[in-house]
Amino acid sequence: MISSILPTYNRAPLNFVKGEGCWLEEADGRRFLDLGSGIAVNSLGHAHPELTQVLTEQAGKLWHLSNLYQIPQQQALADKLVEETFADTVFFTNSGTEACELAVKMARKHWYDKGQEERVEIITFTGSFHGRSSAGIAAAGSEKMTKGFGPLLGGFTHLEWGDIVALREAASESTAAIMLEPIQGEGGIHVMPDADMKAIREICDDTGALLILDEVQCGVGRTGKLFAHEWSGITPDIMMVAKGIGGGFPLGAVLATEDAASGMIAGTHGSTYGGNPLGCAVGRKVLDIVAEPEFLADVNKRAGFLRQKLEGLIAAHPDVFEDVRGVGLMMGLKCKATNIDVVNAGYANELLTVPAADNAVRLLPPLNITEDEISEAVARLDKAATAVENA
Ligand SMILES: *Cc1c(COP(=O)(O)O)cnc(C)c1O
């Protein structure tokens, strides 16, 4: 008999009842160190006092209105995002998938309104993840996500990740947009090098194609810059954001330049919950904290410390780990052993990590993790690796 919850997930037998900072308490009393952050969502850890305060204060006033009316919390968050980024305008969603939907629609509408109705092609890359909607799975294109769900939304061309030569050949004046994650998350922490980010921007400039960056996982301070593309010095035309921006409250956004967004006039898109007062009040507080230069400097310091510790870990367990990659606090351990075994051994040592494709284990700790907690986490990973070796 089917379970009362649609059985689309493989869940670990862990029941968390309470969280504080980087720690989660299991119903049986064990304390787990959380290096997954609900998959890069709890950017400031669990039960952050300032976020809890903003949320509860707002909850006492207004939860939901409708985009029929003015929403000052939404305005404040949009203003902050525009102030801190390349963007001129922002649309709020509840998730990354919805942000992907709008990014795709926006790019196509842009060309439609410029009289180039046939300019619909969007180039994406292997190993990508853009969410589980029909547009998201068609954009990513992997068999794992698309099989059985056809007919798929058309107009996507999939190229090998990082193949800039192929991209230069494929992109043309009929390309509506090029879409990628600056750092692939689900795909196994693959970083697009800065030089290639610049080359992709150039290809967009040469052909007129819009550049859509999916920063749903790598954005909001995760890499030690507010957004990951800042490391390369380029800017996108459209950017998808979600996960970390709500600090655990469901919130997403599409950021865009005025030109890219020019087709999105009143009535062309909408969302009932998108931009609700609760989510936006929390999102504004998250950004006020994370966008501070001192906060981002601390993320980079912690990231350097973590990477150094992980290099030691790999050297100590060459049969379990191959290498470490990533930027900031978005780290991936490429495994020689099976990644799921490493994640499970972590559970046995009260440590949470997240598996990814390409046999990787992701480390996505809260951005405010302390050096002591990093040391403790790596000590637990060391025990987990020893257990995998001895299995
Ligand atoms: C998680 C993720 C999404 C989908 O976001 P949801 O909030 O799960 O809909 C899209 N793109 C990337 C890069 C992601 O990591």
Side-chain angles (χ1 to χ4, degrees), residues 5-10 38-41 67 90-112 119-159 161 175-188 210-220 236-246 248-256 260-261 263-264 267-276 279 283 354 356-357:
I5 295 175
L6 190 73
T8 57
Y9 298 109
N10 283 315
I39 318 190
V41 168
N67 289 301
V90 183
F91 182 93
F92 291 104
T93 68
N94 308 290
S95 70
T97 302
E98 290 164 88
C100 174
E101 288 295 318
L102 173 55
V104 167
K105 285 175 67 178
M106 184 183 282
R108 289 178 172 172
K109 188 67 161 47
H110 172 87
W111 292 113
Y112 181 90
R119 192 162 181 171
V120 297
E121 185 205 23
I122 297 177
I123 298 178
T124 62
F125 298 92
T126 53
S128 298
F129 185 80
H130 300 298
R132 299 296 198 132
S133 65
S134 292
I137 62 173
S142 73
E143 184 176 318
K144 185 176 160 228
M145 277 184 274
T146 58
K147 197 174 177 199
F149 295 114
L152 297 177
L153 184 65
F156 292 95
T157 299
H158 305 101
L159 300 182
W161 172 253
T175 308
I178 297 170
M179 176 157 98
L180 72 146
E181 301 155 77
I183 304 173
Q184 288 187 339
E186 304 302 308
L210 299 171
L211 178 59
I212 304 175
L213 292 181
D214 181 345
E215 293 227 15
V216 168
Q217 193 159 148
C218 62
V220 195
D237 301 290
I238 299 173
M239 178 166 72
M240 298 144 60
V241 179
K243 292 202 166 95
I245 194 174
F249 196 92
L251 178 66
V254 174
L255 281 63
M264 304 307 295
T268 54
H269 195 67
S271 166
T272 296
Y273 291 124
N276 65 78
V354 185

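Please read these numbers as outputs of a predicted model, since none were measured by experiment.
Distance check: E101 CD to S134 OG gives 7.0 Å after rounding to the nearest 0.5 Å. With rounding to the nearest 0.5 angstrom, the CD1 atom of I238 is 5.0 Å from the CG atom of L210. Residue F129 holds its CZ atom at 9.5 Å from SG of C100, rounded to the nearest 0.5 Å. Rounded to the nearest 0.5 angstrom, I122 CD1 and I212 CD1 are separated by 5.0 Å. Between atom OG1 of residue T124 and atom CD1 of residue I178 there is a gap of 10.5 Å, rounded to the nearest 0.5 Å. Atom-to-atom distance recorded for L255:CG and D237:CG is 12.5 Å, nearest 0.5 angstrom.
Looking at V216 and H130, their side chains never come closer than 4.5 Å, going by heavy atoms from C-beta outward. Contact annotation: the side chain of T97 approaches that of S133 to within less than 4.5 Å [non-hydrogen atoms, C-beta and beyond]. Within the 4.5 Å cutoff, side-chain heavy atoms of L180 are placed close to those of W161. Contact of the N94 side chain with the S271 side chain is registered, since non-hydrogen atoms from C-beta on lie closer than 4.5 Å. With contacts defined as side-chain heavy-atom distances shorter than 4.5 Å, the pair V120/W111 does not qualify. The side-chain heavy atoms of M239 and V254, taken from C-beta on, include no pair separated by under 4.5 Å.
Closest approach of P182 and D214 over heavy atoms only: CD-O, 3.5 Å. H158 and A140 get closest at one heavy-atom pair: CD2-O, 3.6 Å. Among all heavy-atom pairs drawn from T272 and N67, the shortest one is O-ND2, 4.2 Å. In terms of heavy atoms, G185 sits closest to A356 at O-CB, 3.8 Å. Residues A99 and V241 approach most closely at CB-O, 4.1 Å, considering heavy atoms. Residues T146 and I137 share a closest heavy-atom pair of CG2-O, 3.3 Å.
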task: List the steps and the verdict of ring pair (Phe, Tyr, Trp, His ring centres under 6.0 Å) for H269 and F91.
output: CA-CA 9 Å; H269 195 67; F91 182 93; 4.9 Å; yes

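Checking each of E98, M179, E181 against M240 for a side chain to side chain contact (heavy atoms under 4.5 Å, CB included) leaves exactly one that passes, namely M179.
A donor-acceptor pair shorter than 3.5 Å can be found between the side chains of E186 and Q217.
Remark: the backbone N or O of S95 is paired with a side-chain donor or acceptor of T93 at under 3.5 angstrom.
The cationic group of R108 lies under 6.0 Å from the six-membered ring centre of F156 and within 45° of the ring axis, placing it in a cation-pi geometry.
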